[in-house]
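A short write-up of the structure that comes next.
Treat the numbers as computed from the prediction; the structure is a model and nothing was measured. Convention: sequence-line order gives letters A, B, ...; per-chain numbering from 1.
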Amino acid sequence: MHTPEWTEQLYQLVDSLPRHQVTSYGALAKAIGGVGPRQVARAMGQLPEDTQLPWHRVIRSDGTLAEHARADEQESRLLADGIPVSRNRVHRRHFHRFN
DNA sequence: CCATTGACCAGCT
DNA sequence: AAGCTGGCCAATG
């Protein structure tokens, strides 16, 4: 398997996410540059199951949670982080702004 | 404010 | 080569 070279930067960005904030695949893609949101999403899906990265804080740009194998776990992790999720959606005010 | 639609996207199988 | 993704954005109602 071949991991793209931008993944290290992706991991660092995700790892630096403040505890009570979320971000989107697209926002990360922009912050990295030259990659698309779906590539970021795929990279998240490839993370090992026991990763320490807060992958659960990466959601869709419209605030809804994407549908994938660990979606339920994602919701409970967000709630455990103190990030409210109602009707499968996180409010915009919890999005992190990259500088 | 929310939901839907359609064009665009890149990496699989 | 067709079809499916952990998506995004703008436009629309």
Looking only at heavy atoms, what is the nearest atom pair of A:Ala66 and A:Tyr25, with distance? CB-OH, 3.8 Å
Just call it for A:Arg92: base, sugar-phosphate, or nothing, with non-hydrogen atoms closer than 4.0 Å on any strand. nothing
According to a strict under-4.0 Å criterion, is A:Arg89 in side-chain N/O contact with OP1 or OP2 of B:dA3? yes
Looking at every strand, decide which applies to A:Val35 at a 4.0 Å heavy-atom threshold: base, sugar-phosphate, or nothing. nothing
Test side chain to side chain donor-acceptor pair (under 3.5 Å) applied to A:Asp81 and A:Gln21, A:Arg57, A:His20, the passing residue: A:Arg57
Shared ILVMFWY cluster between A:Leu53 and A:Leu65, side chains joined below 4.5 angstrom? no
Using the P atom on both, measure B:dG6 against C:dG6 and round to a whole Å. 22 Å
Secondary structure string for DNA chain C (Watson-Crick or G-U under 3.5 angstrom, | for other-strand pairs): .||||.|.|||||
Does one hydrophobic cluster hold both A:Trp55 and A:Val40, with members joined at side-chain heavy-atom distances below 4.5 Å? yes
Expressed in angstrom and rounded to an integer, what is the separation of A:Asp62 atom CG from B:dT4 atom C1'? 12 Å
Between A:His56 and A:Leu78, what is the shortest heavy-atom contact and its length? O-CD2, 3.4 Å
Applying the 4.5 Å side-chain criterion to the ILVMFWY set and letting contacts propagate, would A:Leu47 and A:Trp6 be lumped into a single cluster? yes
Taking heavy atoms of chain A and a 4.0 Å limit, find me the 5'-most and 3'-most nucleotide of DNA chain C within that range. C:dT5 to C:dC9
Applying a strict under-4.5 Å side-chain criterion to I, L, V, M, F, W and Y, I'd like to know whether A:Met44 and A:Val35 cluster together. yes
Polar atom pairs between nucleotides 6-13 of chain B and protein, under 3.5 Å, N or O only, would you list them?
from   : atom 1 : to      : atom 2 : distance (Å)
B:dG11 : OP1    : A:Gln39 : NE2    : 3.1

According to a hydrophobic-cluster definition based on side-chain heavy atoms being under 4.5 Å apart (Ile, Leu, Val, Met, Phe, Trp, Tyr only), do A:Phe98 and A:Ile32 belong together? yes
A:Arg77 to A:Arg70 - nearest heavy-atom pair and separation: NH2-NH2, 4.1 Å
Check whether any side-chain heavy atom of A:Asp62 lies under 4.5 Å from a side-chain heavy atom of A:Arg89, and answer yes or no. yes
Looking at A:Asp50 and A:Gln52, what are the two nearest heavy atoms and their distance? O-NE2, 3.2 Å
